[in-house]
There are 2 protein chains.
Amino acid sequence: MSQPQFKNWQAIQDEVLRRIHAREWPPGHVIPGEVDLAAEFGCARATVNRALRTLAEAGILERRRKAGTRVALHPVSRATVDIPIIRQEIEERGSAYGYRLVSRETALPPARARIMLCPDTPAPCLHVRALHLADDSAYTLEDRWISLTTVPEAADQAFDRISPNEWLVTTAPFTHGDIAFGAAAATAEEAGLFETETGAPVFVIDRTTWDHARAITTVRLVYAPGYRIHTGIGG
Amino acid sequence: MSQPQFKNWQAIQDEVLRRIHAREWPPGHVIPGEVDLAAEFGCARATVNRALRTLAEAGILERRRKAGTRVALHPVSRATVDIPIIRQEIEERGSAYGYRLVSRETALPPARARIMLCPDTPAPCLHVRALHLADDSAYTLEDRWISLTTVPEAADQAFDRISPNEWLVTTAPFTHGDIAFGAAAATAEEAGLFETETGAPVFVIDRTTWDHARAITTVRLVYAPGYRIHTGIGG
DNA sequence: GAGTGGTCTAGACCACGGT
DNA sequence: CCGTGGTCTAGACCACTCG
């Protein structure tokens with residue numbers, strides 16, 4: 001059973017994928033244990049582990065102690081989406097970046113933002129609305145609430161030159177967050193900015209970030225009509 | 001320099017993240033090499049490698065041979081999105097799944113689909129449109145083109161009971177793919193199915209999958225108004 | 001050329017979780 | 001209980017790439 005040597009974990013991964021594709025290991029099938037595979041492939045168990053663990057992270061395999069490793073029954077596609085800083089995204093598109101502050105005020109957040117930022121006791125937050133431009137045309141409207149409890153320094157920032165988006169990433173790093181993508185109808189104001197009509201479909205990202213247990217900020221990004229998020233899966 | 005022992009790679013990862021957050025290692029800073037860190041943390045180099053490699057995959061660090069490891073200048077949030085089979089998605093929501101075939105025909109694909117499926121020479125493809133229902137109300141409209149060159153068996157499938165979505169994942173596994181998320185205006189037909197008005201904003205997923213070099217299928221999924229994709233980052 | 005990360009090995013111990 | 005995956009170790013060689 002000594003195949004012509006699978007030396008590196010990527011080669012083993014490819015071989016495992018081949019067997020899955022060839023239906024030698026159909027969905028739900030429990031594949032041999034790491035020790036057996038290591039013996040078959042003529043390599044150390046750690047190498048097999050690396051290959052199988054990576055496939056499990058990709059959603060191809062399901063692994064459980066004692067139960068063993070099986071081919072996933074419902075092969076979900078797991079896509080990784082990069083969400084860069086808006087300025088960087090515009091510049092990488094080859095466009096000139098522009099920025100304009102729309103409004104800035106301290107207020108008690110409305111229900112949706114309050115639930116994310118201060119679910120216990122309502123506290124005043126900084127509300128900033130700003131427009132990001134690509135080649136002088138509106139690209140994204142940033143509607144953000146910043147917790148002054150977690151980031152009191154934000155109160156001293158005018159945000160007339162630097163966007164909250166950019167200021168926060170270099171000032172208040174987060175430990176974890178929460179993102180949602182959706183579609184919405186452009187408000188009258190948004191329609192004016194994006195030079196389209198009220199009710200036009202726009203792509204929306206809602207994101208909230210935390211530093212450990214403390215909420216930092218929650219933001220709604222409304223993109224100009226036609227915006228798409230694009231990524232690859234597999235390979 | 002012997003800290004109170006960092007034994008597992010997750011603890012090391014936490015400590016590295018702490019130093020980044022505390023600005024001991026600011027963005028762009030080149031951090032010590034693996035051997036140094038292993039000595040400082042009192043563990044094997046492989047353990048440090050595991051911790052740093054994982055952080056690099058998350059986009060927090062940038063690693064290059066000889067150049068060393070540095071804190072990423074532009075901290076992109078890298079979100080992983082699971083795209084399950086539609087039936088599974090509906091059932092996991094706790095709803096009853098329903099399916100209805102809308103149309104099925106063999107034809108030459110229009111420009112957008114042809115570019116994805118058969119960029120060289122136009123070839124007839126199977127065009128299937130089907131509706132996925134959650135608790136008897138429209139959830140997703142699946143508009144799919146299947147390459148009969150790559151998947152000739154599809155010609156024998158009626159798709160009146162099983163959706164192309166479900167049939168393909170168990171029949172024609174893919175090696176890699178391409179996904180885009182966006183917003184669009186509902187057509188008159190979509191508006192009727194989703195019980196909304198023409199032009200209403202709907203969430204759209206365009207996905208194309210390949211088996212090695214051969215294109216399998218390209219699909220547009222139009223979701224009922226209010227649909228959102230939700231995921232976490234970090235953690 | 002030399003230093004850094006990338007990987008492999010052979011062995012070991014541990015933790016979870018089916019039986 | 002005890003088998004399986006999860007992880008750590010100490011050492012080694014390789015490959016890329018910067019200077």
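Here is how names work: the chains are called A, B, and so on, in the same order as the sequence lines, proteins then strands, and each is numbered from 1.
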Among residues two or more places apart or on two chains, list those pairs meeting salt bridge (Lys or Arg N to Asp or Glu O under 4.0 Å) that have a residue in [range].
range: residues 204-219 of chain B; value: A/R228-B/D206, B/D206-B/R220
range: residues 134-154 of chain A; value: A/R129-A/D143, A/E142-A/R144
range: residues 78-87 of chain B; value: A/R78-B/D82, A/D82-B/R78, B/R87-B/E91, B/R87-B/E166

Practice task
Give me the ring orientation class for A/F181 and B/F181: parallel if the planes are under 30° apart, tilted from 30 to 60°, perpendicular past 60°.
Solution key: parallel

Completion exercise
Out of C/dT7, D/dG6, D/dT7, minimum distance to the side chain of A/R63 belongs to D/dG6

[atom1] of [X] versus [atom2] of [N]: gap in Å, rounded?
X: A/L55; N: D/dG5; atom1: CG; atom2: C1'; result: 15 Å
X: B/Q13; N: D/dT7; atom1: CD; atom2: C1'; result: 14 Å
X: A/L61; N: D/dT4; atom1: CG; atom2: C1'; result: 15 Å
X: A/R50; N: C/dG6; atom1: CZ; atom2: C1'; result: 8 Å

Completion exercise
A/W210 meets the ring pair (Phe, Tyr, Trp, His ring centres under 6.0 Å) criterion, sequence neighbours left out, with A/H176

Completion exercise
Double-helix bend of the helix from C/dG1-D/dC18 to C/dG18-D/dC1, axes at both ends from 5 pairs, round to 10°, gives 20°

Exercise for the section: Tell me whether the OP1 or OP2 atom of D/dG5 has a side-chain N or O from A/N49 closer than 4.0 Å. Expected result: no

Problem - Short side-chain N/O contact to D/dT4 OP1/OP2 from A/T69, under 4.0 Å - result: no

Exercise for the section: Please list residues of residues 29-38 of chain A whose heavy atoms come under 4.0 Å from any atom in DNA chain C, ordered by number; otherwise none. Expected result: none

Taking side chain to side chain donor-acceptor pair (under 3.5 Å) as the test, write out the residues that go with [X], two or more places apart.
X: B/E34; value: B/R45, B/N49, B/R63
X: B/S163; value: none
X: A/T140; value: none
X: B/Q157; value: none

Completion exercise
Heavy-atom contacts, protein to nucleotides 9-19 of chain D, under 4.0 Å, summarised as B (base), S (sugar-phosphate only) or - (none) per nt, yield B--B--BBBB-

Completion exercise
Comparing A/R53 with A/G68, nearest DNA chain D nucleotide closer to 5' gives the residue A/G68

Problem - Short side-chain to backbone donor-acceptor contact, A/T171 and A/L168, under 3.5 Å - result: no

Handout entry: Partner residues of B/E15 under the salt bridge (Lys or Arg N to Asp or Glu O under 4.0 Å) criterion, sequence neighbours left out
Key = B/R18, B/R19

